[in-house]
Amino acid sequence: AQSVTQLGSHVSVSEGALVLLRCNYSSSVPPYLFWYVQYPNQGLQLLLKYTTGATLVKGINGFEAEFKKSETSFHLTKPSAHMSDAAEYFCAVSDAGNTPLVFGKGTRLSVIA
Amino acid sequence: GAGVSQSPSNKVTEKGKDVELRCDPISGHTALYWYRQSLGQGLEFLIYFQGNSAPDKSGLPSDRFSAERTGGSVSTLTIQRTQQEDSAVYLCASSGGEVFSNQPQHFGDGTRLSIL
């Protein structure tokens, strides 16, 4: 069965600093990988996804993630944090479209002015 | 609207009452999913529909939970004899194509359920 581990339930960065949110997964078959963002009192919004092809995936709001099979990782990065990036971020995995999405417990990102 | 719509946005009810949560997916999306989000617990998958069919109900927490979908569109999640541990945010999502495909799931804003 798949699982997702997000290291750090809370990450705090200064405005303009690099954002790095870590996600490791386990899957017995090639995975589909997703990052979602959740703002207070809202649903989840897709940031980016990896299914096949290029391992470096670019998403909305300047975020990107790289699928590293050897490390079973799909870390989310953004070169320069903005105050509006403060939110909860969820990594999710599916077994190549055959199983429900399994979500990590989320990482709350705070951005300090 | 163009997105997934859930109602009510908030529901407060007494323990033992039944509640019904509604989800109106994006038009044309045949796949629909229900999740439960509890404080500090991430998202727990409950059930999915492909069209009107829900082949796997094993994710529902207990037999007090049921879900249906009619006309390939609106879905309702019903919780009977509510308990305090049912308090959570219930999220609905829909996606195009086949269920669990590489198409992303689009989420509603959820129903925040509080059991007194």
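Numbered from 1 within each chain, the chains take letters A, B, ... in sequence-line order. Everything quoted here is computed from the prediction, not taken from an experiment. Any value given below was found using the heavy atoms of this structure, including those in side chains, with hydrogens, waters and symmetry copies removed.
Between the side chain of Tyr36(A) and the backbone N or O of Gln105(B) there is at least one donor-acceptor pair closer than 3.5 Å. Counting only distance, with no hydrogens or angles, the side chain of Asp109(B) and the backbone of Gly43(A) share a donor-acceptor pair below 3.5 Å.
No part of Ser9(A) comes within reach of chain B, as not one of its non-hydrogen atoms sits under 4.5 angstrom from that chain. Contacts of Val99(B) with chain A are made by backbone atoms alone, with heavy-atom separations under 4.5 Å and no side-chain atom involved. Only the side chain of Leu91(B) comes within less than 4.5 Å of a heavy atom of chain A; its backbone N, CA, C and O stay farther away.
Criterion: ILVMFWY side-chain heavy atoms under 4.5 Å apart, direct or through other members. Under it, Val4(B) and Tyr90(B) are not part of a common hydrophobic cluster. A continuous path of Ile, Leu, Val, Met, Phe, Trp and Tyr side chains, each step under 4.5 Å between heavy atoms, connects Leu48(A) with Tyr89(A), placing both in one hydrophobic cluster. The hydrophobic cluster containing Phe63(A) does not contain Phe34(A), counting ILVMFWY residues as joined when their side-chain heavy atoms lie under 4.5 angstrom apart, directly or transitively. Under the 4.5 Å side-chain heavy-atom criterion for grouping Ile, Leu, Val, Met, Phe, Trp and Tyr, Tyr50(A) is not connected to Tyr32(A) through any hydrophobic cluster. When the side chains of ILVMFWY residues are joined at heavy-atom separations under 4.5 Å, either directly or via intervening members, Ile79(B) and Val74(B) end up in two distinct hydrophobic clusters.
Under a cut-off of 6.0 angstrom, the local environment of CD in Glu14(B) is sparse, with at most 12 non-hydrogen atoms contributed by other residues, nucleotides or ligands. For Glu15(A), the CD atom is densely surrounded, since the number of other residues' heavy atoms within 6.0 Å is greater than 12.
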Quiz item: Between Phe45(B) and Leu101(A), is a side-chain contact (heavy atoms from CB on, under 4.5 Å) present by the stated rule, with each step listed?
Solution: CA-CA 8 Å; Phe45(B) 171 78; Leu101(A) 278 181; over 6 Å; no

Quiz item: Under the side-chain contact (heavy atoms from CB on, under 4.5 Å) criterion, do Asn41(A) and Arg112(B) qualify, and how do the steps go?
Solution: CA-CA 9 Å; Asn41(A) 298 315; Arg112(B) 185 176 300 277; 3.2 Å; yes

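Between Phe103(A) and Tyr35(B), a ring centre-to-centre spacing shorter than 6.0 Å is recorded.
The shortest non-hydrogen separation linking Ser94(A) to Phe100(B) is OG-O, 4.5 Å.
Gln37(B) CD to Leu44(A) CG: the interatomic distance, rounded to the nearest 0.5 Å, is 6.5 Å.
Between chain B and the options Gln38(A), Arg108(A), Gln45(A), the largest number of non-hydrogen pairs under 4.5 Å is found for Gln38(A). Between chain A and the residues Cys92(B), Gly108(B), Gly110(B), Gly59(B), the most heavy-atom pairs under 4.5 angstrom are made by Gly108(B).
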